[in-house]
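Structure first, commentary second.
All ligand and atom numbering here is 1-based and tracks the order in the structure.
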Amino acid sequence: MRLIDVVQTSSDVARDRSRTRKTEVLAGLLATATDAELPIVVAWLSGEVPQGRLGVGWRSLSKLTSEPAAEPSLEVAEVDAAFGELASASGPGSTTRRADTLTAVFGAATEPEQKFLIALCTGELRQGALAGVMTDAIATVTGEPLTAVRRAHMLTGSLPETAALARFGAAALAGVGLEVGRAVEPMLATPADTLDAALDLLGPDLVVDYKLDGARIQVHRKGSDISVYTRTLRDVTSNVPDLVEVIAGLPCDSVILDGETLMLGDDGRPRSFQDTMSRFGSGPTAAGEPERLLKPFFFDCLHLDGVDLIDRPLSERLAAIDSIAPQLRIPAVTRPTAEEARDHFDAAMADGHEGVMVKSLDGLYVAGRRGKAWQKVKPTHTFDLVVLGAEWGSGRRTGWLSNLHLGARDPETGELIMVGKTFKGLTDEILRWQTEEFPKHATHEDAHTVYLRPQIVVEIELDGAQRSSRYPGGVALRFARVVRYRPDKTPDQADSIEAIRALLK
Ligand SMILES: Nc1ncnc2c1ncn2[C@@H]1O[C@H](COP(=O)(O)OP(=O)(O)OP(=O)(O)O)[C@@H](O)[C@H]1O
């Protein structure tokens, strides 16, 4: 397969607004890929390279001065081999070797091919939004059922691997199991309007957990091998030795636990979400900073000592936690009366948490999709939206990037539709951060506004929505204010325009 065919498909998919058309276009290309090309092409079209990191940034790319080739000639396999060299080059002379490899590939690329390769190398092509369309396309082109393809994707966390398995057929897809050490897409919840509504929907065999205001963690342990992943499946093990130590002390041989982690202040109340997230980025706590220690709380167990539990009911999965770490269970009440559930909710709020999660004890662990078995109950409704741009402030905010342009996800196409603006809720610290961070994500700017690639998710509180002829989705936010940034979320996990439209009713 030629690189130009991938480039053409990538731009067709980006341009087409219909999900069906996008799927057809992708499937059309995948059908012509050989077994070896398939995972590579799936990776590229999802904005990833199979090698993981190439260590090629804007700096090295901007030094390339090669004239584009007039005619396309590059083959997919050839470019993949060059990426392999870039990823593995190390030691003396590697800088020159890397530069030579880059120059050779870019020199042979036409202008659209060069643009595509730059976007791929810098991560600009990465768009989680495409994952749904890509699983559809893999199912279409291999003739395997969509549910089997999705399950394999959830368990492998990898679209290229899923594609390769699907090509081998049903047995290969079904043969994928949990693997301790390989992160699984986390299970998600559906928002409930009220606690009573959630209890009515799931009762009486349910558990009510605190919804802790921390960050999601998935912990894997096999013997003394321990890994800790975030909500987006980033491996942060080396930054959290405090968590690793707790896991190492558990009386078991192998386990996968799902939970939440946070820092607690002296008063036992949670410190801010930003504080917790900063630990994932900033590395191990220095000794003598006990207030920056992360505490884990677990609410699910996917595997224990050789037994996979994802297809077992929650009651059994909780029993598994209790058998090895009852002291680390998230505060919970099992089969409560309505009054006990209400008391638990009030206690969660009084302790400084977000609300509660109401879960069916019969529910299986269904990852990656928002299911009915987990209902989240919070006193205020918030939405996760994507920052599409920001306007330069005036008056006291002159020189700061302030008023945010907010987008909601179109579930059909994965694209983002602008639904409103806000400059409320922005502290000086956030303004400073925005002004420093946003230009790194900019696509272009005019006199008033810096426009961004859709990469940054922000949690917004609203009073409601109203019909609007000014905004492209026909709906606009009312009294939106910023709660916080959500570095643990990717744009494909943002709320949909349907969720905003539902507020009109
Ligand atoms: N007891 C709990 N059970 C499950 N998830 C919990 C619990 N306590 C806190 N959480 C957090 O809540 C999230 C589940 O809610 P949801 O599926 O709506 O994800 P979310 O969109 O990240 O939610 P939110 O924005 O409300 O944190 C989990 O990802 C986890 O980080």
State the OG1-NE2 distance between T135 and H153, to the nearest 0.5 angstrom. 7.0 Å

Among protein heavy atoms, which sits nearest to atom 2 (C) of ligand 1, and what does the distance come to when rounded to 0.1 Å? F299 CD2, 3.3 Å

Nearest to atom 15 (O) of ligand 1, what protein heavy atom do you find, and at what distance? K211 CE, 3.9 Å

Identify, for atom 21 (O) of ligand 1, the protein heavy atom at the shortest distance, and state residue, atom and that distance. K489 NZ, 2.4 Å

May I ask you to decide if T443's main-chain N or O and R453's side chain share a donor-acceptor pair within less than 3.5 Å? no

Tell me which protein heavy atom sits closest to atom 18 (O) of ligand 1, plus the residue, atom name and distance to 0.1 Å. K376 NZ, 2.5 Å

Compute whether any side-chain donor of one residue and acceptor of the other, for T162 and T156, lie under 3.5 angstrom apart. yes

Sub-3.5 Å N/O-N/O distance, L212 and ligand 1: yes

Can you check whether K211's main-chain N or O pairs, donor with acceptor, with D209's side chain at less than 3.5 Å? no

Hey, is D488 touching ligand 1 through its side chain, its backbone, both or neither, going by heavy atoms under 4.0 Å? neither

Give me the residue, atom name and distance of the protein heavy atom closest to atom 29 (O) of ligand 1. R216 NH1, 2.8 Å

Contact (N/O only, under 3.5 Å) between A189 and ligand 1: yes

Within-shell test, F297 vs ligand 1, heavy atom, strictly < 4.0 Å: no

Of the protein's non-hydrogen atoms, which lies at the shortest distance from atom 16 (P) of ligand 1, and what is that distance? R370 NH1, 3.5 Å

Applying a 4.0 Å heavy-atom criterion (strictly less than), which segment of I330 is in contact with ligand 1: side chain, backbone, both, or neither? side chain

Counting only heavy atoms closer than 4.0 Å, does ligand 1 sit against the backbone of K378, its side chain, both, or neither? side chain

Between atom CG of L294 and atom CG of L262, what is the distance when rounded to the nearest 0.5 Å? 8.0 Å

Could you tell me whether D16 and K22 make a salt bridge, using a distance below 4.0 angstrom between a side-chain N and a carboxylate O? no

Which one of E459, E260, M357, R486 has a non-hydrogen atom at the shortest distance from atom 25 (O) of ligand 1? R486

Among all protein heavy atoms, pick the one closest to atom 1 (N) of ligand 1 and tell me residue, atom and distance. Y210 O, 3.0 Å

Report yes or no: do Y365 and D311 form a side-chain donor-acceptor pair below 3.5 Å? no

Is it true that the side chains of E340 and H344 contain a donor and an acceptor less than 3.5 Å apart? no

Side-chain contact, heavy-atom cut-off 4.5 Å: L431 with S402? yes

Sole residue of T261, N239, D242 in side chain to side chain donor-acceptor pair (under 3.5 Å) with R279: D242

Atom 3 (N) of ligand 1 sits nearest the protein heavy atom K359 NZ, 2.8 Å

